[in-house]
Amino acid sequence: MFVIASDHGGLELKEEIKKLLAERGIQVEDLGTNNGDSVDYPDFGQQVGRRVSEGSAEKGILVCGTGIGMSIVANKFPHVRAALATDVFMATMAKEHNNANILVLGGRVLETPVARQMVAAWLDTEFAGGRHQNRLDKIAALESELKLQ
Ligand code: RB5
């Protein structure tokens, strides 16, 4: 199960991403927002961050205007590795090197076809493990040290 959310700045792109996930047969729960009214991105980013953090969702996608606010919020949660990507290379690396469990996109930054390619790249790329796993282990150790988990 995937979870997805946006604010008003990411709503349009979120709807496009949902279509892509549906085409691929990926089940996704939309945690809002559901209309174009101005809302606060922390209210929606935290829902996705929480679900991925506690393990009730496997992966998440967040979209706001730039992606910046959503990535700041999501990365407050332990076990979350939220990656703000702006092109296909970054989306690919977000999985290959960082094993990002949340992909963050900017609805006011990306054209839909590129965003679709980015989500596809993130979904299709395998985590490389090895030295990259060591680095993720260091992040987990930091979370323990900071009492974030
Ligand atoms: C909303 O206007 C905008 O600030 C938000 O979508 C996002 O870009 C924040 O980082």
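For ligands, and for the atoms within them, numbers begin at 1 and follow the listed sequence.
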Engineer: Using protein heavy atoms only, decide if any is under 4.0 Å from atom 4 (O) of ligand 1.
Structural biologist: no
Engineer: Give the residue, atom name and distance (to 0.1 Å) of the protein heavy atom nearest atom 8 (O) of ligand 1.
Structural biologist: T66 N, 3.0 Å
Engineer: What protein heavy atom sits nearest atom 10 (O) of ligand 1, and how far away is it?
Structural biologist: G69 N, 2.8 Å
Engineer: Could you grab the distance from atom CG of L21 to atom CG of L123, nearest 0.5 Å is fine?
Structural biologist: 6.5 Å
Engineer: Just jot down the ligand 1 atoms closer than 4.0 angstrom to any heavy atom of G65, in number order.
Structural biologist: 5 (C), 6 (O), 7 (C), 8 (O)
Engineer: Mind checking side chain to side chain donor-acceptor pair (under 3.5 Å) for D30 and listing every partner two or more places apart, or none if nothing turns up?
Structural biologist: K14, K18
Engineer: I need the atoms of ligand 1 closer than 4.0 Å to a non-hydrogen atom of H8, numbered in the order shown.
Structural biologist: 1 (C), 2 (O)
Engineer: Going by heavy atoms in the side chains, are T125 and E96 under 4.5 Å from each other?
Structural biologist: yes
Engineer: Report the distance from atom CG of L142 to atom CG of D137, rounding to the nearest 0.5 Å.
Structural biologist: 12.5 Å
Engineer: Decide side chain to side chain contact (heavy atoms under 4.5 Å, CB included) for F77 and V52; before the verdict, give the C-alpha distance in whole Å, the side-chain angles of both, and the deciding distance to 0.1 Å.
Structural biologist: CA-CA 9 Å; F77 291 85; V52 172; over 6 Å; no
Engineer: Can you tell me which residue and heavy atom of the protein come closest to atom 2 (O) of ligand 1, and the distance to 0.1 Å?
Structural biologist: R108 NH1, 3.2 Å
Engineer: Would you mind checking which non-hydrogen protein atom is closest to atom 6 (O) of ligand 1, with the distance to 0.1 Å?
Structural biologist: D7 OD2, 2.6 Å
Engineer: Any sub-3.5 Å donor-acceptor pair from D7's side-chain atoms to D40's backbone N or O?
Structural biologist: no
